[in-house]
A.B. asks: 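One structure is given below, represented as structure tokens, and several questions about it will come after.
Note that the coordinates shown come from a computational prediction; the quantities given were computed from them, not determined experimentally.
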Amino acid sequence: MTAALSIGFDGLAYAMVLFLISVGMSVTMGLMGFANLAHGAFAMLGGYLAITLMREAGIPFVGAIVLAFVGVALISVVFERTLYRRFYAKGELDQVLFTIGLVFMSIAVCTLIWGPVNVVPIVPDFLKTQVDLGFREFPAYRTFLILVSLAIIVALWYGLERTKVGAQIRAAVNNRRMAQSIGIDVDRLFTITFALGSGLAGIGGALGVEVLGLTPFYALEWLVHFMIVVAVGGLGSIRGAFVAAVLIGVIDTAGKYFFPHAGAFFLFVITIVVLLWRPQGLFGRA
Amino acid sequence: MIGIAERGAFLRHRHRLSWAESVPWIAAVAAFFLFPSYETLGAQVLIMVLFALSLDLILGYAGIISLGHAAFFGIGAYTAGILSAQGWGEPISGLVLAAIVAGIAGFISGWAILRTTGLTLLMLTLCFAELLREIANEQEHYTGGDDGLRGIRMDPIFGVFEFDLFGETAYLYCLAVLFIMFVVARAIVHSPFGQSLTGIRENIRRMHAVGAPVHLKLVTIYAISAAMAGVAGALLAQTTEYVGLTVLSFIRSGDVLIVIILGGFGRLYGAFIGAPLYMVLQDQLAKQSPEYWLFGIGLVLVVVVMFAPRGVLGLLEDLGARFRRDSR
């Protein structure tokens with residue numbers, strides 16, 4: 001019972017980080033059919049930015065997280081405008097190779113700036129305690145992480161379902177040509193989505209240092225996990241990314257808890273089974 | 001309409017050997033005499049050429065993008081390695097067995113996953129390789145797990161040629177195997193079967209429409225490619241007498257993809273340019289610092305995809321075409 005609770009709790013915290021990082025990747029893939037394997041690099045950048053701002057500039061925790069979002073979103077727009085857009089019309093292979101190239105470069109640049117070792121996460125004092133939920137105590141930081149992520153998810157859902165831009169994004173994901181022909185500026189929409197998705201990855205990276213760790217190899221190390229969330233959830237589906245993140249987070253945590261030597265085994269088996277059963281992902285459109 | 005005779009002439013023309021095709025083989029033999037101290041690296045390069053050649057069969061000719069081709073390389077390496085570690089040190093039979101096991105794995109996995117396309121197929125190839133790596137890590141008793149497989153001892157080839165410390169036998173052994181595999185690959189891509197694969201790559205709907213058994217053809221080439229990758233892995237296990245978990249890693253799958261992109265895919269000889277280029281660069285740059293290497297290879301990838309999507313061979317062809325036009 002205690003084990004199940006720990007797995008559920010830690011799995012959920014892990015899932016929230018996976019979701020925040022992967023959701024942008026899923027939506028850009030759904031919107032432009034762009035396979036961005038370098039998406040994790042934006043999460044890594046968010047992590048390094050937040051840590052550096054806290055350590056060097058003395059900016060408080062919450063401020064650093066917000067700045068990580070803004071900073072990563074702005075940097076991603078530069079990349080999108082100058083490099084990414086050259087690849088929208090190209091084939092999948094070119095996109096994969098181009099973004100893997102970016103991943104390699106991100107490893108080199110981050111090693112030169114921040115060094116090769118794992119970064120120690122900074123947890124603010126008010127989150128260093130335990131939270132008593134009546135039947136059990138949980139670490140405050142991860143509780144905070146889960147709550148903030150849930151709040152972001154609700155905001156994301158509201159923005160997509162209830163605002164005009166959200167409706168335009170949904171329309172463009174469903175049928176890009178049709179959306180264009182009724183006057184939606186899909187090009188601009190994509191830049192906005194790309195920035196938002198990268199910014200969210202930045203938040204996920206910043207909040208998730210305590211869960212995923214942070215080394216220059218981050219984008220490569222976690223790439224498979226992010227891609228699994230996207231593929232299992234279904235391209236362009238936020239609900240899919242959420243369900244997949246929770247599924248993957250809990251299964252991976254449970255696997256590593258019970259079988260420390262071959263923990264990821266189940267993760268890959270489940271992914272293969274899901275994709276053979278539903279190649280378009282759980283919530284993807286065939 | 002092209003008549004049967006003309007079509008035959010076209011195929012014969014494509015199949016005809018050109019003088020340029022002897023260049024890489026002459027270079028490989030020359031390298032043996034010119035750089036005697038680099039034979040260990042040389043053998044690794046030849047193994048990479050063979051591995052890249054196997055990927056070219058599915059990527060360049062059938063249009064299957066795999067992020068997990070190391071799966072078959074690893075299966076071959078572990079098959080040959082375990083066989084020898086258990087006391088069977090005869091190399092040729094080890095290669096054959098590795099090819100068979102990897103080929104069967106390729107056939108079964110290909111049968112399951114080649115119904116999908118795009119990102120899903122990419123993910124399935126990747127997950128299959130990662131799954132095998134987890135299994136290899138877990139089955140320490142057979143594979144040595146994280147420490148790697150030790151205790152591989154090879155008998156002399158044909159009972160005559162001993163593997164020496166300097167890697168001379170290893171180099172020539174790899175070269176001979178590569179040559180045989182290349183002849184097989186060349187025959188395959190120029191056969192009607194190879195042509196139908198190109199048809200699938202170019203227009204899969206049309207191939208379905210003319211009634212071609214698309215799935216079976218894709219699975220067949222996938223299995224052949226897997227067997228060839230298995231031979232490459234077996235060569236690595238036999239010549240280095242060691243198998244580590246990295247034979248199954250995502251990095252290795254990425255490496256071979258980059259090699260074939262650098263050289264140019266869909267033309268068999270791309271592997272011969274990409275592998276030496278990649279591995280010599282890696283050898284030199286990584287000596288300076290691993291960051292230089294990673295940044296360099298990342299930059300090269302981006303530049304190649306943007307400006308030379310057909311690789312070095314594509315550039316050479318363009319240059320050649322321009323030269324011919326000018327001289328006319």
Side-chain angles (χ1 to χ4, degrees), chain A residues 26 29 33 35 37-38 83 86-87 90-112 116 216-217 220-221 223-225 227-228 230-232 234-235 255 259 261-276 278-281 284, chain B residues 59-60 63-68 109 112-113 115-140 145-146 249-251 253-254 257-258 260-262 265 289-307 309:
Chain A
S26 177
M29 273 186 172
L37 269 51
L83 285 173
R86 294 163 191 260
F87 287 90
K90 295 204 178 179
E92 211 163 46
L93 180 64
D94 284 346
Q95 297 172 351
V96 165
L97 293 166
F98 162 64
T99 52
I100 286 186
L102 288 186
V103 168
F104 284 154
M105 287 199 273
S106 79
I107 296 172
V109 170
C110 287
T111 311
L112 287 176
F217 280 87
L220 191 62
E221 203 181 325
L223 170 65
V224 178
H225 288 77
M227 283 177 72
I228 286 178
V230 173
V232 167
L235 300 187
F259 306 92
H261 278 291
F265 179 82
F266 299 96
L267 177 66
F268 298 121
V269 170
I270 300 269
T271 306
I272 291 173
V273 169
V274 167
L275 289 182
L276 286 178
R278 282 181 72 86
Q280 74 276 28
Chain B
L59 177 72
I64 301 167
I65 307 173
S66 171
L67 280 183
S109 67
I113 69 177
R115 295 173 193 284
T116 64
T117 54
L119 176 75
T120 310
L121 180 56
L122 218 65
M123 286 308 301
L124 283 169
T125 56
L126 201 163
C127 284
F128 182 66
E130 290 288 312
L131 184 64
L132 286 178
R133 203 171 69 93
E134 289 294 328
I135 294 173
N137 188 22
E138 217 270 318
Q139 295 293 322
E140 274 176 42
D146 226 6
S249 68
F250 176 63
I251 300 278
S253 301
L257 192 59
I258 295 170
I260 199 67
I261 295 306
L262 275 184
F265 58 91
S289 105
E291 289 84 53
Y292 285 154
W293 161 243
L294 280 170
F295 192 83
I297 194 62
L299 189 64
V300 166
L301 256 186
V302 171
V303 170
V304 164
V305 178
M306 280 180 132
F307 302 108

A.B. asks: Apply side-chain contact (heavy atoms from CB on, under 4.5 Å) to Leu301(B) and Phe98(A), showing your working.
C.D. replies: CA-CA 6 Å; Leu301(B) 256 186; Phe98(A) 162 64; over 6 Å; no
A.B. asks: Look up atom CG in Leu299(B) and atom CG in Leu102(A), then write down how far apart they are to the nearest 0.5 Å.
C.D. replies: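 One gets 10.0 Å once the value is rounded to the nearest 0.5 Å.
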A.B. asks: Is Val103(A) in contact with chain B via its backbone, its side chain, both, or neither, using a 4.5 Å heavy-atom distance?
C.D. replies: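 Neither the backbone nor the side chain of Val103(A) comes within 4.5 Å of chain B.
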A.B. asks: With a 4.5 Å limit on heavy-atom distance, are the side chains of Met105(A) and Leu294(B) in contact?
C.D. replies: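 Contact flag for Met105(A)/Leu294(B) side chains = no.
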A.B. asks: Search all heavy atoms of Leu119(B) against all heavy atoms of Glu92(A) and return the closest pair with its distance.
C.D. replies: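 Where Leu119(B) meets Glu92(A) most closely, the heavy atoms are N-OE2, 3.4 Å.
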A.B. asks: Is there a side-chain contact between Ile251(B) and Leu220(A) (heavy atoms, below 4.5 Å)?
C.D. replies: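 Side chain of Ile251(B) against side chain of Leu220(A), heavy atoms only: contact under 4.5 Å found.
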A.B. asks: Need one label for Ile228(A): side chain, backbone, both or neither, based on atoms under 4.5 Å from any heavy atom in chain B.
C.D. replies: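 The answer is both parts of Ile228(A).
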A.B. asks: Mind ranking Leu112(A), Leu276(A), Ile107(A) by heavy-atom pairs under 4.5 Å with chain B and telling me who comes out on top?
C.D. replies: Leu276(A)
A.B. asks: Are Met123(B) and Leu275(A) side-chain neighbours, meaning at least one heavy-atom pair lies under 4.5 Å?
C.D. replies: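 The answer is yes, as the side chains (C-beta and beyond) meet within the 4.5 Å cut-off.
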A.B. asks: Against chain A, label Ile113(B) side chain, backbone, both or neither, depending on which of its atoms sit under 4.5 Å from a heavy atom there.
C.D. replies: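 For Ile113(B), heavy atoms of backbone and side chain both lie under 4.5 Å from chain A.
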A.B. asks: Do you know the tightest heavy-atom contact between Lys90(A) and Val305(B)?
C.D. replies: NZ-O, 3.6 Å
A.B. asks: For a 4.5 angstrom cut-off between non-hydrogen side-chain atoms, does Leu83(A) reach Met306(B)?
C.D. replies: yes
A.B. asks: To the nearest 0.5 Å, tell me how far Leu131(B) CG sits from Leu267(A) CG.
C.D. replies: 10.0 Å
A.B. asks: Any idea which of Leu97(A), Thr111(A), Asp94(A) has the most non-hydrogen atom pairs under 4.5 angstrom with chain B?
C.D. replies: Leu97(A)
A.B. asks: Measuring from Gln280(A):CD to Thr116(B):OG1, what's the distance to the nearest 0.5 Å?
C.D. replies: 11.0 Å
A.B. asks: How far does CZ of Phe268(A) sit from CZ of Phe128(B), to the nearest 0.5 angstrom?
C.D. replies: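 If we round to the nearest 0.5 Å, Phe268(A):CZ and Phe128(B):CZ are 13.0 Å apart.
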A.B. asks: Which answer fits Ala231(A), side chain, backbone, both or neither, if we ask what part of it has an atom under 4.5 Å from a heavy atom of chain B?
C.D. replies: both
A.B. asks: Write down the atom of Pro279(A), the atom of Thr120(B), and the distance for their closest heavy-atom approach.
C.D. replies: O-OG1, 2.6 Å
A.B. asks: With a 4.5 angstrom heavy-atom cut-off, could you sort out which part of Tyr292(B) is near chain A: side chain, backbone, both or neither?
C.D. replies: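 For Tyr292(B), there is no contact with chain A at all, as no heavy atom is under 4.5 Å.
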A.B. asks: How far apart are the closest heavy atoms of Glu134(B) and Ala264(A), and which atoms are they?
C.D. replies: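 Reported closest heavy-atom pair: OE2-CB, 3.3 Å.
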A.B. asks: Are any of the side-chain heavy atoms of Phe104(A) and Val302(B) separated by less than 4.5 Å?
C.D. replies: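 They are not in side-chain contact.
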A.B. asks: Leu124(B) and Ile272(A): side-chain contact (heavy atoms from CB on, under 4.5 Å), yes or no, with the steps?
C.D. replies: CA-CA 6 Å; Leu124(B) 283 169; Ile272(A) 291 173; 4.1 Å; yes
A.B. asks: If I measure from the heavy atoms of chain B, does Phe87(A) come under 4.5 Å with its side chain, its backbone, both, or neither?
C.D. replies: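 Contact with chain B: side chain only.
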A.B. asks: Could you tell me if the side chain of Leu59(B) sits less than 4.5 Å from the side chain of Leu93(A), heavy atoms only?
C.D. replies: yes
